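Scroll down for the structure; my scribbles are underneath it.
Note that ligands are numbered from 1 as they come in the structure, with each ligand's atoms numbered from 1 the same way. This one's a predicted model, so the numbers in the text were calculated from it and none came from an experiment.
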Amino acid sequence: MNILLLGSGGREHAMACKIAQSPQCSTLFVAPGNAGTAREARCRNAAVDPMDFEALRRFVLEHEVRMVVVGPEAPLVAGVTDFFAQHADLRNVMVIGPGRAGAQLEGSKVFAKRFMQRHGIPTAAYRSFTAAQVEEGVAFLRELKAPYVLKADGLAGGKGVLVVDSLEEAERELRAMLVGGRFGQASACVVVEEFLKGVELSVFVLTDGKHYKILPTAKDYKRVGEGDTGLNTGGMGSVSPVHFADRGFMQKVEERIVAPTVRGLHAEGIKYKGFIFVGLMAVPDAEGVLNPYVIEYNARMGDPETECVFPRIESDVVELFEHVWRGSLQQVPLVISPRAAACVMMVSYGYPGHYETGKAIEGVELVKDCKVFHAGTKEGEDGSLLTAGGRVLCVTAMADAMPMALLNAYQELEKVSWEGCYFRHDIGQDLLKMLI
Ligand code: AMP
Ligand code: GLY
């Protein structure tokens, strides 16, 4: 069958590789894709904007697309899945990604917090405030201890969460968000929540709305600088699995978080066919036993976690997606490679601030035993590879154990270069230190 994947990042390149491997896939169109997806066997980039639903409709009908897989959150929150369900000529197209109601788990922090409260899912204590309640919000901040966590309710391009140390700054930021229009409409409502101290990790779930499969755990590295310093980015690297998420911990994740989340969606009549990304904090109790708390939900896979998680999936993902669509996910096994995966993101100098694009990328063809996933790349007129974004490409290595996967990724990425390329040297090192 022909399949359409929406998105253009490293996440989509990693998903594209797995989807195109399926014997069921004839052509995989990626809209709009990047130079990496264009070069994969059985893949073709399609110049369609994932937010232009009428254009998607024309494309799907013209190319006899039977399945649409949604990579990023924006089309989900804007209702691409509902759009397909509402049009008789698209109704039989299998769309992997929740409708607008389910995507609220990501699209509204207030919705997500209330949902967790309703279903007894462990998360930080919180209150939410609108502009009219700004003084109440300030009074609430004064009751809390530093650091202070402020979250814009809506999507704010990954920048809507602030963790600040001083009360004055927290008050100033709360006012800026609520009445100063700091994040526009996204911060018309703000969640103020308790700071959770622990180690973060990402857990991914594929669900048909009733049954679910838990995908491999991963950890991403969001800050631009070594030792988790500097500005937040879209992600500078990731590793999978996360060693401390052992069987006992994952049992708690499943019992306390995954099962009640899927049950809760079903009980509330929210049809959810797609991925749930649960951002977790593993918080040690007085005895040092780790307990999982939800930091956030996303209605999609993570980037760059997918670049480590998807290569570890051995099952046919198209078959899994078909069962997601039919509501029979319990009928197929999810087979995961026991090997470790590590990915290091190579970015443009200056990212996440100002950076230049259009630089010639050298050496990708020299990389061995690793996969180079493209994010911000494009093909020049002569077929050369050029940078086209902040996060440019990532190198994923797999090995029997994490230290070797990291070593291989770092060794091989030395072969790739362009003017002003930058990467973190310490991806995964915090986890390796925990093991010593
Ligand atoms: P989010 O966009 O909700 O994932 O938040 C961005 C980042 O802020 C998270 O990855 C955490 O590092 C941090 N964060 C969010 N909420 C909390 C919290 N309640 N306690 C501690 N850190 C938090
Ligand atoms: N890696 C975090 C995200 O995709 O939101």
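- The shell of residues lying under 4.0 angstrom from ligand 1, judged by heavy atoms, includes K109.
- Listed by number with element, the atoms of ligand 1 under 4.0 Å from a non-hydrogen atom of M281 are 21 (C), 22 (N).
- If you number the atoms of ligand 1 from 1 as listed, the ones under 4.0 Å from a heavy atom of L196 come out as 18 (C), 19 (N), 20 (N), 21 (C).
- Heavy-atom contacts of F277 reach the following atoms of ligand 2: 2 (C), 3 (C), 4 (O), 5 (O) (cutoff under 4.0 Å).
- Atom numbering of ligand 1 starts at 1 in the shown order; those under 4.0 Å from a heavy atom of I295 are 3 (O), 4 (O), 15 (C), 16 (N), 17 (C), 18 (C), 23 (C).
- Note that R44 lies outside the cation-pi zone of F29, set by a 6.0 Å cut-off to the ring centre and a 45° limit from the axis.
- Side-chain atoms of H119 and E268 form a donor-acceptor pair, as typed in the model, at a separation below 3.5 Å.
- A cation-pi arrangement is not found for K109 relative to F111, the charged atom failing to lie both closer than 6.0 Å to the ring centre and inside a 45° cone about the ring normal.
- D220 OD2, 3.4 Å is the protein heavy atom nearest to atom 2 (C) of ligand 2.
- For ligand 1, the atoms closer than 4.0 angstrom to any heavy atom of E193 are 16 (N), 17 (C), 18 (C), 19 (N).
- At least one heavy atom of R300 sits closer than 4.0 Å to an atom of ligand 2.
- The ring of F53 has its center closer than 6.0 angstrom to the ring center of F83.
- Below 4.0 Å from some heavy atom of K151 lie the following atoms of ligand 1, by number and element: 3 (O), 15 (C), 16 (N).
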